[in-house]
Amino acid sequence: MSEDRYPSNQIESYWRQQWDKDNAFRVDLDDDEGEHKYVLVMFSYPSAAKLHIGHWWNYGPIDTHARYLRMKGYKVFEPMGFDSFGLPAENFAIKVGTHPRTVTEESISYIREQLKQIGAMYDWNWEVVTSHPNYYKWTQWLFQQLFKHGIAVQKDGLVNWSPTLQTVLANEQIINGMDERTGNPVIQKKMTQWYFRITEYAEKLLGGLKEIDWPESTIKRQENWIGRSEGASIEFKVKGDEETKVEVFTTRPDTLFGVSYLTLAPENELLERLTSIRQGPEVREYCERAMRISEVDRSSTTREKTGVFTGSYAINPVNDEVIPIWVSDYVLASYGTGAVMAVPAHDQRDYEFALKFKLPIKLVIRPIDQLIDVEDMTEAFTEPGIMRESGDFSGIMSEAGKKAVTDRLESLNAGKHTVTYRLRDWSVSRQRYWGCPIPMIHCEKCGVVPVPEDQLPVELPHEIKDFRPKGTSPLGALEDWVNTVCPNCGGPAKRDTDTMDTFVCSSFYHLRYLAADRDDVPFDMERMKRWLPISLYVGGPEHGTGHLIYIRFITRFLHEIGWSPVAEPVTRLVHQGIITKDGMRMSKSKGNVVNPDAFIERYGSDVFRMYMMFTGDYRMGGDWSDEGITGIDRFVNRVWRLVLRFTGKAAPNSDLNAKDYPEIIFRTLNNTVKAVGEDLDNLSFNTAISRMMELVNELYKWLGDDGDAGVDHEVIRALLGVLIRTMAPFAPHFCEEAWERLGGKPYVFKQEWPSYDETALVANTITLVVQVNGKLRDRIEAPADTSREDLEKMALASKRVQGYMEGKTLRKVVVVPGKLVNIVVS
RNA sequence: GCGCGAGUGGUGGAACUGGUAGACACGCAGGUCUUAGGAACCUGUGCCGUAAGGUGUGGGGGUUCGAAUCCCCCCUCGCGCACCA
């Protein structure tokens, strides 16, 4: 190994110590001067594992962006913290038989050290840890604010219950009926739970999407997730039971004359009342079976329709037709009213059901340009068309019919225009130990009462024998803790024993960072005004319908109650891509996890970090390969040897004079500064690095491996100073050392980002491309300011071109000044 | 099924509003220096062809003087949603 190799280990740990010692990354949040940028990467989830490639990919490049902004003169806030409550930590704790708090504290201090290795500018003074009482005090405060404003409510309802995890899960935590962590089935269970009424915000959350610069795919996902549908709710009277009405929701009121039956979800509460004595046993048996079928089977689109007649009939409000009421599990209890009007001719699901149970199919919409017959149909006709056999609505367009029919229903007092959302209320109770306790007290006399604010936080009891899940919250076993007095009447009362979904903790951390030093208030309005909204937020696309909806919802809520200056927390969102190994996602089970440590040991953190950035487009991700890192290692060492060769005392940030350099060097240098800056604005790290490589290649061509081309070293130092400042955001440790050796004063990241000289960017000669019929035939060196006419003359004069024109007729010449000439012949 | 995203050398990947396809790297080949080199430096490297030349961005068609880029059809892969009435 060569002696002049960049000694990454000593140098990198030395500079980290210096930064630490000087508190170099300290950010003053109260500083009003200048323009502020809040650069935020989703905080990490400390499970037992250490930092993997994904973390480096996530954090390193964004720190490069933040450092660049800082050098550009912005005030940059780049905090870091830990989302430390929740299942991964708890499950790991159970596995190793250690208390979750111990496990969590250990991994936090370990991961914090590893994060420092990345060399990011995190100011740890603003760190938040969601499992610390001084943080979750405010999680509880938030819960109570939501409660006071009627957004946090207790409801009886069907919840997603995971038998494996022994807890309730939110819809977002379920994938195809399986829980996302273990892949085991989730069942529906009736429980009393706390919900946040996010559905109240559906319209506002939808509207807010128009104001933000987010990836289009994520906006679409959120729109779909919220799932706004316009339609009508319609009441059907039940025949022979004046008291009872069945309410349905439909987006197609125009098909109301085609209804051949109603269908209720098995969970619908009207069912008991509607079931005839004769049909009783069959209906009950059907419902019990439906409840037992797992969600994944039940929602399978390929499954054959099933159902049972209830024995009751309903009356169609527009034509008094009597239609049977059925029960079927293809109707979802949790959407709309849990009941639908079935129009087999115009809804595929109803069509299949009607065919199977031989129910009538009535065609009430026909295509505009043709006549169709029910007999000839093989599937439902779901397009818009012309209404038929619909009383006095017959003949009008179905789109207009929607409103017309609903208006009629309103006048009959049997229905109204309604908007329904796919979005469900957010269930937040979890029957687990390792979470934020719900700060509520249940009193027999007074009902649900919040723990008085001055008694927050309700601390999560540490002394617990058994924190394993067992279907009810482990906290329920702690009688001393559970039994308390009602703050209202002073009588005996019990604490809520559930803990909160961890998405609650992460829904306001971006605001809490800005007040991490304050225990007296949840947030600091002055600072929030200065720093919000987040100018860049970075995290995985998988959070599109979970965290990224919750953080918008909670920020909006806080905005409405005066605790946030902005309604939308994040103006610009970027998703980092995924780093794969051999085209596959890295995972322990596949055994293809790449461990960064060996690479960092061998090449250093800067080389590793740069290699990650060089791998591919940040938003795209890429495939990890062990080999390519040598390219970056060579590059860094090439720069290192230049620095060693021109080490000196003069400050390397003096002005550059074009006359001291060959033109090509001066031009490349300025081009590099410009291009790297633009690439960093766009997060195009890979091309930025290749630009710097081009510059270094050019320098080697000029200076050779050990010469100085007879140029004053002080001049070359100034030139290298530009390179080092440009490179500093990418390789922070390396560039501190290089900067100092070139005679600069620490720290390089506190220097100004180099400016470039516009006049240096244009070359005085160009390579003119000459095409014949669009094919490249010659290249000619020409002065950059050659006129169109002269370019055309030069092109036509080319011997090679003439060879291709022989015996052909000149049709046209296209000239693109400064670039090419295309000669069209035939 | 619906909605996104992607498909470019042996490999990772470049290419701005249509204008030299393959920047920059890895790998490979040759050379220089060396006792030696898995170091460093230089040169070459899409494919076919000795060459002239031809050909080339998943496939097919189109628009254009000119298409990786724009339009239409199709194929493959990845992600998301999926009985939401």
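Since the model is a prediction, treat every value here as computed from it, not as a measurement. Throughout, protein chains are lettered first and strands after them, A, B, ... in sequence-line order, and every chain is numbered starting at 1.
Under the 6.0 Å cut-off for aromatic ring centres, A/Y261 and A/F353 qualify, their centroids lying closer than that. In summary, the aromatic rings of A/W57 and A/F608 are positioned with their centroids too far apart to meet the 6.0 Å limit.
Across A/T251, A/V419, A/T418, a single residue satisfies side chain to side chain contact (heavy atoms under 4.5 Å, CB included) together with A/E230, and that is A/V419. Considering A/F599, A/Y603, A/W624 as possible partners of A/Y611, the one that fulfils the ring-ring contact (aromatic ring centres under 6.0 Å, His included) test is A/W624. Under the side chain to side chain contact (heavy atoms under 4.5 Å, CB included) test applied with A/M693, the options A/L695, A/I689, A/V696 reduce to a single match, A/I689.
Comparing B/rG3, B/rA40, B/rA85 by their closest approach to the side chain of A/R641 singles out B/rA40. Counting only heavy atoms from C-beta on, A/S217 has its side chain closest to B/rC4 among B/rA40, B/rG27, B/rC4. Of the candidates B/rG27, B/rA21, B/rA85, B/rA21 carries the atom nearest the A/L776 side chain, counting heavy atoms from C-beta on. Set against B/rA23, B/rC41, B/rG3, the side chain of A/E694 has B/rA23 as its closest nucleotide.
Judged by closest nucleotide on RNA chain B, A/G631 is the one of A/R638 and A/G631 placed further toward the 5' end. Comparing A/L820 and A/I632 by the nucleotide of RNA chain B whose heavy atom lies nearest to each, the residue mapping closer to the 5' end is A/L820.
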What nitrogen or oxygen pairs link the protein and nucleotides 79-81 of chain B at under 3.5 Å?
from	atom 1	to	atom 2	distance (Å)
B/rG80	O2'	A/R221	NE	3.4
B/rC81	O3'	A/R422	NH1	3.4

Atom pairs under 3.5 Å, N or O on each side, protein against nucleotides 54-56 of chain B: can you list them with distances?
from	atom 1	to	atom 2	distance (Å)
B/rG54	OP2	A/R777	NH1	3.2
B/rU55	OP2	A/K775	NZ	3.4

Could you list the protein-to-nucleotides 64-68 of chain B atom pairs, N/O on both sides, closer than 3.5 Å?
from	atom 1	to	atom 2	distance (Å)
B/rC65	O2'	A/N822	ND2	3.2
B/rC65	O2	A/N822	ND2	2.6

Mind listing the N/O atom pairs, protein and nucleotides 15-17 of chain B, below 3.5 Å?
none

Sub-3.5 Å pairs of nitrogen or oxygen atoms, protein against nucleotides 10-13 of chain B:
from	atom 1	to	atom 2	distance (Å)
B/rG12	O2'	A/T615	O	3.1

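Nucleotides B/rG7 and B/rA29 are separated by 30 Å at their C1' atoms, to the nearest Å. Between B/rC26 and B/rA40, the distance separating the two P atoms is 10 Å to the nearest Å. A gap of 44 Å separates the P atoms of B/rC41 and B/rG80, to the nearest Å. Nucleotides B/rU69 and B/rU34 place their C1' atoms 50 Å apart, quoted to the nearest Å.
Within 3.5 Å, a donor on the side chain of A/R424 pairs with an acceptor on the base of B/rC84, or the reverse.
Between A/R634 and B/rG27 there is a side-chain N or O to OP1 or OP2 distance below 4.0 Å. Using a 4.0 Å cut-off, some side-chain N or O of A/Y335 falls inside it from OP1 or OP2 of B/rA85.
Atom CG of A/D329 is separated from atom P of B/rA85 by 18 Å (rounded to the nearest Å). Atom CZ of A/F685 and atom P of B/rA23 are 23 Å apart (whole Å). Separating the CD atom of A/Q348 from the C1' atom of B/rC2 is a distance of 15 Å, rounded to the nearest angstrom.
A cation-pi geometry, defined here as NZ or CZ lying under 6.0 Å from the six-membered ring centre and within 45° of its normal, does not hold between A/R197 and A/W426.
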Set out, in order, the CA-CA distance, both residues' side-chain angles and the distance that settles side-chain contact (heavy atoms from CB on, under 4.5 Å) for A/R5 and A/N637, then state yes or no. CA-CA 6 Å; A/R5 223 186 109 78; A/N637 277 290; 3.6 Å; yes
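In B/rG30 the base sits anti relative to the sugar, since the glycosidic angle is further than 90° from 0.
With A/H346 contributing its side chain and A/T382 its backbone, the two residues share no donor-acceptor pair below 3.5 Å.
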Below 3.5 Å, can you tabulate the donor-acceptor pairs from side chains in residues 809-821 of chain A to any protein atom, sequence neighbours excluded?
from	atom 1	to	atom 2	distance (Å)
A/R811	NE	A/S826	OG	2.7
A/R811	NH2	A/S826	OG	3.1

